[in-house]
Number of protein chains: 2
Amino acid sequence: MSTVSRVINDTGYVSSDSRQRVMKVMEELHFTPSNVARGLVSGKTSSIGLLIPDVSNPFFSDVARGIEDAASTLGLSVILCNSDWKIEREQTYIDILKGKWVEGIVVVGARSSEQQLQSVLSGLPFVLVDQRSTQNVSCVWIDNELGGYIATKHLVERGCKRVMHVRGPANSPSAMGRHQGFLRAVAERTMSGKFISGNFRFESGYAAMGKILDDGLPDGIFAGNDMMALGMIQAAQTMGIKIPQDFLLVGFDDISFSSYISPTLTTVRQPGYLMGKSGVELLNQQIAYGHSKPQSREYQPELVVRNST
Amino acid sequence: MSTVSRVINDTGYVSSDSRQRVMKVMEELHFTPSNVARGLVSGKTSSIGLLIPDVSNPFFSDVARGIEDAASTLGLSVILCNSDWKIEREQTYIDILKGKWVEGIVVVGARSSEQQLQSVLSGLPFVLVDQRSTQNVSCVWIDNELGGYIATKHLVERGCKRVMHVRGPANSPSAMGRHQGFLRAVAERTMSGKFISGNFRFESGYAAMGKILDDGLPDGIFAGNDMMALGMIQAAQTMGIKIPQDFLLVGFDDISFSSYISPTLTTVRQPGYLMGKSGVELLNQQIAYGHSKPQSREYQPELVVRNST
DNA sequence: TTGTATGCGTTATCAT
DNA sequence: ATGATAACGCATACAA
């Protein structure tokens, strides 16, 4: 009955009498209109995809929360997809999401290249979060290079003479950016800046601490992210090395746990929640105003000084 | 063309010639069948809802990961809904999910009563995770009472004479269960067992430490969850109180950070990832075999002894 | 083995 | 102001 449709959508002419009756019956039958049928006719499913490496990772779970909150505000539902940093899984999920006619996808920390993404997405709106676009796609990011620079400079200003970097994985643009910033800060003072590679995980930081000790302890270390920094703190603890007495430590991300440990961790804040929120807003622009000009939102990394330095 | 449908679903008779041609064309056009249209005709959307208080909470993000993994394995997509422990939001999301024709809902740590849930869901399959059912609905849970008992008994066995409990919120069945276990263990030794209320958050544990100090420090504290325990560790640290020298501390959950801090936290493990995974499996039973007999899966709380005791 | 018709629940267009 | 009809994309039942 089209009259029903009219009262539901509040469109067209409906006598107040009919409206009353329809509303009454809807109450009685607990009637909920089918978004599936609606989607089929309108092409709009009011759903978006969230492609993210791992929701159980503290930084990403913050991002995810920001995304879901913003989406919810816009009346959009979020379909959660964990890719585990695997390109293959990214592609698989994208196919599924396309089949579901999501209105767009928020891609967080993707491993696939932008070309791959664009090719597979074939026109479906999407935004990159935690990643800068080199093509012309909407994205939300922070200047990792600057963040790495700030972190390292802080170490130097605190009087460190031998600084080191525990870098994230080489296939992560964020990790590489931070490393670049580290190198720039180090070059400015004509210091040497050694680094070792990790994988952004706690265990990786823990293990790094061992290797570092073999090479002789530096007086300042910039960890590529907070999880590795936590690992280093834990390792240092068991080794009887004191922070900040024996060396200063700076992390990256400012996950909540950075201020929940001892020593509280000096770190470079990345506003995960906000970045997620912004991502959805940009995506919504794309969705609403068609394939207009992509926008990007850049956040500034911010040093948060705590007890580890 | 129904032949196309036949090759996609691999049903009915199709000459290998036609199959070849169809597949070829599908490749060329990057054809992806619409799950929306499919859902409309079959009534199956291959989507489930995930209603959870807060994905950015470490325990819940573990659960969420388990759920998404299991769902993905079963070919189900997960729609993420954060309720913030608000009954109102739970209801709102449920309505949305119903409109989307999800095949079922995994309800994690709900605040709504089972009656409310059943009433709003009106027949839609759902399972409770992190909550025991008093009605007849599928659920995955651990024995919180036993967990609380184990934690407290551990304290006693370690020689504590005056134990305390920092409880979670009164409207949380988990919190109350753990408290009950605490009381039972205390009663067995005819000890007094004071407690104060918290809200399961870090700040709450931090604040609790202050109040506890006013009443005179006990020699053993059982915190209602790990987040509060972390808050207490942090507060103790700033107050110059040493753990486990000045008092022993046991948490609950075993979130990963429990072993990432100093002192590493003795805690009662709750297998969040597994519980999420099981939840989906039970839900799938409900979905597949109609409204058959609900099942429940109980996990045993397990004491993990670390340095805080 | 293949094509045609019908219906899923909703909305938009057209008649009434 | 309201009802009838077509269409969305697919799968099923039926006819060829």
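Every value quoted in this text rests on a predicted model; they were computed, and no experiment measured them. Residue numbers begin at 1 in each chain, while the letters A, B, ... track the order of the sequences.
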Peer 1: Once you round it to whole Å, what is the distance between C1' of C:dA12 and CG of A:Asn9?
Peer 2: 11 Å
Peer 1: Just how far, in rounded Å, is P of C:dT2 from CD1 of B:Ile8?
Peer 2: 15 Å
Peer 1: Would you indicate what B:Ser5 reaches in the nucleic acid, counting non-hydrogen atoms under 4.0 angstrom: base, sugar-phosphate, or nothing?
Peer 2: base
Peer 1: OP1 or OP2 of C:dT10 versus the side-chain N and O atoms of A:Ser34: is any pair under 4.0 Å?
Peer 2: no
Peer 1: Just checking, any donor-acceptor pair under 3.5 angstrom between side chains of B:Ser47 and A:Lys100?
Peer 2: yes
Peer 1: Considering only heavy atoms and no angle criterion, is a donor-acceptor pair shorter than 3.5 Å present between the side chain of A:Ser2 and the base of D:dG3?
Peer 2: yes
Peer 1: Mind calculating the distance between CZ (A:Phe31) and C1' (C:dT10) to the nearest angstrom?
Peer 2: 9 Å
Peer 1: Quick one: label A:Ser18 by what it contacts on the DNA or RNA (base, sugar-phosphate, nothing), any heavy atom closer than 4.0 Å.
Peer 2: sugar-phosphate
Peer 1: Could you tell me the separation between the CZ atom of B:Arg38 and the C1' atom of D:dA11, rounded to a whole number of Å?
Peer 2: 9 Å
Peer 1: Nearest of C:dG9, D:dA11, D:dG3 to any side-chain atom of A:Thr3?
Peer 2: D:dG3
Peer 1: To the nearest Å, give me how far apart NZ (B:Lys44) and C1' (C:dC8) are.
Peer 2: 15 Å
Peer 1: Compute both the distance and the angle, then confirm whether B:Arg178 meets the cation-pi test with B:Phe252: under 6.0 Å from the six-membered ring centre, within 45 degrees of the axis.
Peer 2: yes
Peer 1: Starting at the 5' end of DNA chain C and moving along, which residue's nearest nucleotide shows up first, A:Thr11 or B:Trp101?
Peer 2: B:Trp101
Peer 1: Atom CZ of A:Arg21 to atom P of D:dG3: distance rounded to whole Å?
Peer 2: 8 Å
Peer 1: Working to the nearest 0.5 angstrom, can you tell me the gap between A:Glu90 CD and A:Ile52 CD1?
Peer 2: 11.5 Å
Peer 1: Under a 3.5 Å threshold, yes or no: a donor from one side chain and an acceptor from the other, between B:Asp69 and B:Tyr273?
Peer 2: yes
Peer 1: Which value, rounded to the nearest 0.5 Å, describes the distance between B:Leu117 atom CG and B:Phe126 atom CZ?
Peer 2: 4.5 Å
Peer 1: At under 4.0 Å, does any side-chain N or O of A:Ser15 touch on OP1 or OP2 of D:dT2?
Peer 2: yes
Peer 1: Rounded to whole Å, please give me the gap between NZ in B:Lys98 and P in C:dT10.
Peer 2: 13 Å
Peer 1: A:Asp10 CG to C:dT10 C1': how many Å, rounded?
Peer 2: 17 Å
Peer 1: Relative to the 5' end of DNA chain C, which residue comes earlier, B:Val14 or A:Leu40, by the nucleotide with the nearest heavy atom?
Peer 2: B:Val14
Peer 1: Does a nitrogen or oxygen in the side chain of A:Arg6 sit under 4.0 Å from OP1 or OP2 of D:dA1?
Peer 2: no
